[in-house]
Amino acid sequence: MAKLAINSGRPVRTKPWLGNITTGKEERRAVLKVLKRGQFSLFEGSYKPDPPFSFWGGPWVRRLEKIWAEYYGIKYAISMNSATSGLYAAIGALELGYGDEVIVSPYTMSACAACALIYGAIPIFADVELDTGCLKPESIEEKITPRTKAILVVHQFGIPADMSGILKIAKKHNLKIIEDCAQAHGAKYREQYVGTFGDIGIFSLNVNKTIQTGEGGVCVTNNRELAYRLALIRNHGEAVVDNAGYKNIVNIVGFNFRLTELQAAIGIEQLKKLNNFNKIRLGLVEYLNCNLNKFDCFITPKERKNCYSTYYVYPLRYLSEKYNVKREKIIDLMNAEGVKFSAGYTKPLYLQPLYRQKKAFKNGYPWSALENKNIKTNYFKGTCPNAEKLHFEQMMINEYVRMPHRKSDMRDIAIGIEKIITLLERKYR
């Protein structure tokens, strides 16, 4: 057996891993059409429903929203300049705020909890499932109080959350549901697209996502009122409501969350490619699973029954007790072989200074607000044992299960890992 690369042996792979380039001639043609027209945004921050300048944006923005709603089989799609903006707008549209608690995942991107703070609501963290990284319904139930008003569900890594369990809890306690689908384009839970179960679903078009426009996002809903409130928050709602005759102005201090015509034109072409991109990802994940399942120190991603996962990344769990070798050492060995993995994904959000010190705004707001003073928060180590175990001990992430990579690239990963585990087997035999 060849020496490990970390010990001056020859690495399995020296070829560089490639960036997430998802665009081609179709996107270039679409952008040139917008450039030829010369108007890159046709939004107007006033109640002006008729084109060319409009409260609803230009033709490419409106076209993207139309085909997005059609693809997901939902009534309304409202584009945003990012999924983060979409999360903020969702909290606002649902009229959440001071005195309210929102149950969120700790094992995700920071905006999934910070969005509640923007409107004065308080995030409460529930634990995740070890197998998926998605919210665990039993933990959600434990965290509910009379102040709980919503659950923000994250379909982590493109794996659908347990929506049956979560919907049952929401119905029992009359809670709103926001679905973060940033990593789950085209994923399905029991034949239904994620993002279409709750009150509002949010998708990301960030440069790293399965389909992308550089920056961008889309919110979806079946509720006409919520769709209008999302649009108001997106586009200077406080300047619109008077002439529009809209009365419910709670949380309608608007932002500028508007998508450009250039981004929308790219997004239209990207959506056409989504099914093929997901097919490629699934093929690469299946290849890795088949080759790594034989090693009992690893737990490969678990597919939820009757679901369709789309795998934004490849989440591999490592059990250090098998060889008494810490995860970080295994990752060092992998990276030396050219097999790129990173550790942990994200530190549980409640361990960030923002939550440990309860300092979001001046004078400790929103925690110090009168309406929030009696809320019992859970921002301490040990709050979510599964999330902590994943981050600090088990989770290993590979981000290259996507175009333009092929099975030959996945073969390098499989060979590199087998090389490492074979030598560990010899050492601990």
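Not measured: the values here are computed from a predicted model. Worth knowing before you read on, the calculation uses all heavy atoms, side chains too, and leaves out hydrogens, waters and symmetry mates.
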Electrostatic pair [X]-[Y], nearest N-O below 4.0 angstrom:
X: E225; Y: K75; result: no
X: K143; Y: D127; result: no
X: K15; Y: D412; result: no
X: K149; Y: D100; result: yes
X: R37; Y: E261; result: no
X: R304; Y: E129; result: yes

Pairing donors with acceptors under 3.5 angstrom, does anything connect the side chains of [X] and [Y]?
X: Q183; Y: S204; answer: no
X: S54; Y: R62; answer: no
X: S82; Y: S85; answer: yes

Checklist entry - Think K188 forms a cation-pi with Y193, using NZ or CZ under 6.0 Å from the six-ring centre and within 45 degrees of its axis? => result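 Yes; both conditions hold, so K188 lies above the ring face of Y193.
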
Checklist entry - Centre of Y71's six-membered ring, under 6.0 Å away, within 45 degrees of the axis: is that where NZ or CZ of K66 sits? => result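 Output no; distance or angle outside limits.
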
Checklist entry - Of Y400, F277, Y287, which is the lone residue that meets ring pair (Phe, Tyr, Trp, His ring centres under 6.0 Å) with H405? => result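 Considering Y400, F277, Y287, a ring pair (Phe, Tyr, Trp, His ring centres under 6.0 Å) with H405 is found only for Y400.
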
Could you measure the distance from the [atom1] atom of [X] to the [atom2] atom of [Y]? Nearest 0.5 Å is fine.
X: E399; Y: W17; atom1: CD; atom2: CH2; result: 10.0 Å
X: I169; Y: T148; atom1: CD1; atom2: OG1; result: 11.0 Å
X: C112; Y: Q156; atom1: SG; atom2: CD; result: 8.0 Å
X: I233; Y: E238; atom1: CD1; atom2: CD; result: 11.0 Å

Next on the checklist: Would D409 and R13 count as a salt bridge (Lys or Arg N to Asp or Glu O under 4.0 Å) here? Give the steps.
Outcome noted: CA-CA 9 Å; D409 298 294; R13 181 185 176 99; 2.9 Å; yes

Does [X] reach the side chain of [Y], with side-chain heavy atoms less than 4.5 Å apart?
X: V104; Y: I124; result: no
X: K273; Y: E26; result: yes
X: V128; Y: K136; result: no

Taking the six-membered ring for Trp, are [X] and [Y] ring centroids under 6.0 Å apart?
X: Y379; Y: Y355; answer: yes
X: F157; Y: Y314; answer: no
X: F197; Y: Y189; answer: yes
X: F203; Y: W68; answer: yes
X: Y47; Y: Y246; answer: no

Within a 6.0 Å radius of atom [atom1] on [X], are there more than 12 heavy atoms belonging to other residues, nucleotides or ligands?
X: K209; atom1: NZ; answer: yes
X: D242; atom1: CG; answer: no
X: E191; atom1: CD; answer: no
X: R29; atom1: CZ; answer: yes
X: N174; atom1: CG; answer: no

Checklist entry - Are Y88 and F255 close enough, and set up right, to give a ring-ring contact (aromatic ring centres under 6.0 Å, His included), and what steps lead you there? => result CA-CA 10 Å; Y88 291 177; F255 296 85; 7.0 Å; no

Next on the checklist: Determine whether E269 and K25 satisfy the following criterion, salt bridge (Lys or Arg N to Asp or Glu O under 4.0 Å), listing intermediate values before the conclusion.
Outcome noted: CA-CA 10 Å; E269 300 304 321; K25 60 184 180 182; over 6 Å; no

Checklist entry - Step by step, would you call K272 with E70 a salt bridge (Lys or Arg N to Asp or Glu O under 4.0 Å)? => result CA-CA 12 Å; K272 296 175 185 177; E70 289 172 351; over 6 Å; no

